[in-house]
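In what follows, a single structure is set out as structure tokens and then discussed.
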Amino acid sequence: MTAETLIASLQLSLPELVLAVGALILLMIGVFSGDKSVGTVTGLSVLLLIAVGALIVLKGVDGTAYAGAYRSDAFVRFMKVLALAGAGVALILSIGNRRSEPDQRFEYPVLMVLATLGMMLMISANDIISLYLSLELQSLALYVVAAINRDSLKSTEAGLKYFVLGALSSGMLLYGMSLVYGFTGQTGFSEIAAALTAEHRSLGLVFGLVFVLAGIAFKISAVPFHMWTPDVYEGAPTPVTAFFSAAPKVAAMAILIHLVAVAFKPIVHDWQQIIVFISIASMALGAFAAIGQTNIKRLMAYSSIGHMGFALVGIAAGNQEGISGVMLYLAIYSVMSLGAFACILAMRVKDGTAVEGIDDLSGLSKTNPMMALVLTLLMFSLAGIPPLAGFFAKYFVFMAAIKANLLTLAILGVLSSVVGCYYYLRIVKVMWFDDAKQEFARPAGELKLIYGLSGLFVIGYLLIGGPLGAAAEAAARSFY
């Protein structure tokens, strides 16, 4: 690599460089100031994420860097901004949570920034080696933040389960990559696609494809690699759970789209069968397993599994409409999920104790009508009831599946969505028709801001959905 190409590569990856240097500076601030600087470090982390997002939007250019291992285009920039937004909102939620739980550590926001750096590199990965390295950077930070509350047995257990199962999925992914390399002789996505076009695919390559997709499926908590999700969602601190529900799934979905739309595009019938299966399984399990849940964080975990199944419908379609539909789905789901977790963080009784039972929401419409209204809108939107944003998210991926002649998949998706309405409407029933048990403490301003904006988004999507949809369609054209 010459000096000119190195400089060009550094310029193309400037957002990641800024984020990495910023994370090191924040770490130094925390090290020298101690845990008393947690508020300052968290606030600066949010500003850093906003600055990097602005840099991507204003200065983003198309191209490849580092001998083709790094890629930048409209799709990459869209997904990076989405991941940065999810991480930023999760950090804002932790600021609101800090007033009730002041004994937080400065390492938390630094680890969140480092995890976000891994996600950005993962979204830009154009080579299976760069993909694996960036995924591990993200995962190592996430293992720690899942168990950041060392005084909580549940948090420690959540971190341990996530680490053990994450290590297993990483091993499966790496084994699959070694098979892909062994049977194609290439590591770059475009080069793998060229090798598959030039030669008839072998059985060993299909095994490699299965292991690679299994490793990625773990990261998006798709069935049958969802086992960690309910326990980690319940055990991890709620701001961490909110983060898990948004940004990491965006990054994993982005790399899954890259793999199937670029590297494995010539063997579409092989990967399409796998995606269809895990999509149906995820939608079904998410719909039925959530019905008996009494803890709202576990319910949101199964909801997340179901929604990733719906998003996979768009990927299974294998067309431009499917990819743009998935991008819109992820954007809308991230807003709905983060808004719901802002409401969950606001579930604190007068003495400051956090409660997580669905029954604890009894009579919320009488004690906090605004929060009850917003949570109702979010539940209706998650259920896919028109004219809220969640309806349009499902509409676009189902229409893409119908266009790709996957009619059975679309029908099963609609039926799963109908079943899922039950547990969302149960929460609404508890809030509006049950007698109030207790009154929650007044929520922090940051939490009210997040769930208020989320409520406005889902109800006003008809007004603001046009530009978002146009951006998604323009980004999806990167593959076609």
Using side-chain heavy atoms (C-beta onward) and a distance below 4.5 Å, is Leu256 in contact with Trp271? no
Any side-chain donor near an acceptor of the partner, [X] and [Y], under 3.5 Å:
X	Y	result
Lys219	Ser139	yes
Tyr423	Ser303	no
Asp62	Ser72	no

Flag the pair Tyr162 / Trp228 as yes when their ring centroid distance falls below 6.0 Å, and as no otherwise. yes
Derivation of the ring pair (Phe, Tyr, Trp, His ring centres under 6.0 Å) call for Tyr461 and Phe392: CA-CA 9 Å; Tyr461 181 79; Phe392 294 100; 5.6 Å; yes
Among Leu209, Ile267, Val180, Asp270, which residue satisfies the side-chain contact (heavy atoms from CB on, under 4.5 Å) criterion with Leu196?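 Testing Leu196 for a side-chain contact (heavy atoms from CB on, under 4.5 Å) against Leu209, Ile267, Val180, Asp270 leaves exactly one candidate, Ile267.
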Write out all pairs satisfying side-chain hydrogen bond (donor to acceptor under 3.5 Å, both in side chains) with one or both partners inside residues 306-315, taking only residues at least two apart or from two chains.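 Of all non-adjacent pairs touching residues 306-315, those that pass side-chain hydrogen bond (donor to acceptor under 3.5 Å, both in side chains) are His307-Tyr329, His307-Tyr424.
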Are there more than 12 heavy atoms of other residues, nucleotides or ligands under 6.0 Å from atom OH of Tyr143?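 Counting other residues, nucleotides and ligands, OH of Tyr143 exceeds 12 neighbours.
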Between Ile216 and Met253, does the side chain to side chain contact (heavy atoms under 4.5 Å, CB included) criterion hold? Intermediate values first, please. CA-CA 8 Å; Ile216 300 297; Met253 277 289 189; over 6 Å; no
Taking the six-membered ring of Phe310, is the NZ or CZ of Lys394 close enough (under 6.0 Å from the centre) and on axis enough (within 45°)?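 So Lys394 does make the cation-pi contact.
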Between Phe75 and His258, does a ring pair (Phe, Tyr, Trp, His ring centres under 6.0 Å) hold up when you go through it step by step? CA-CA 10 Å; Phe75 170 81; His258 258 150; 5.4 Å; yes
NZ/NE/NH1/NH2 to OD/OE distance under 4.0 Å, Lys403 and Glu321: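 Yes, charged N to carboxylate O under 4.0 Å.
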Between the side chains of Arg298 and Asp231, is the shortest nitrogen-to-carboxylate-oxygen separation below 4.0 Å, so that they form an ion pair?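 Judged by the 4.0 Å cut-off on N to carboxylate O distance, Asp231 and Arg298 do form a salt bridge.
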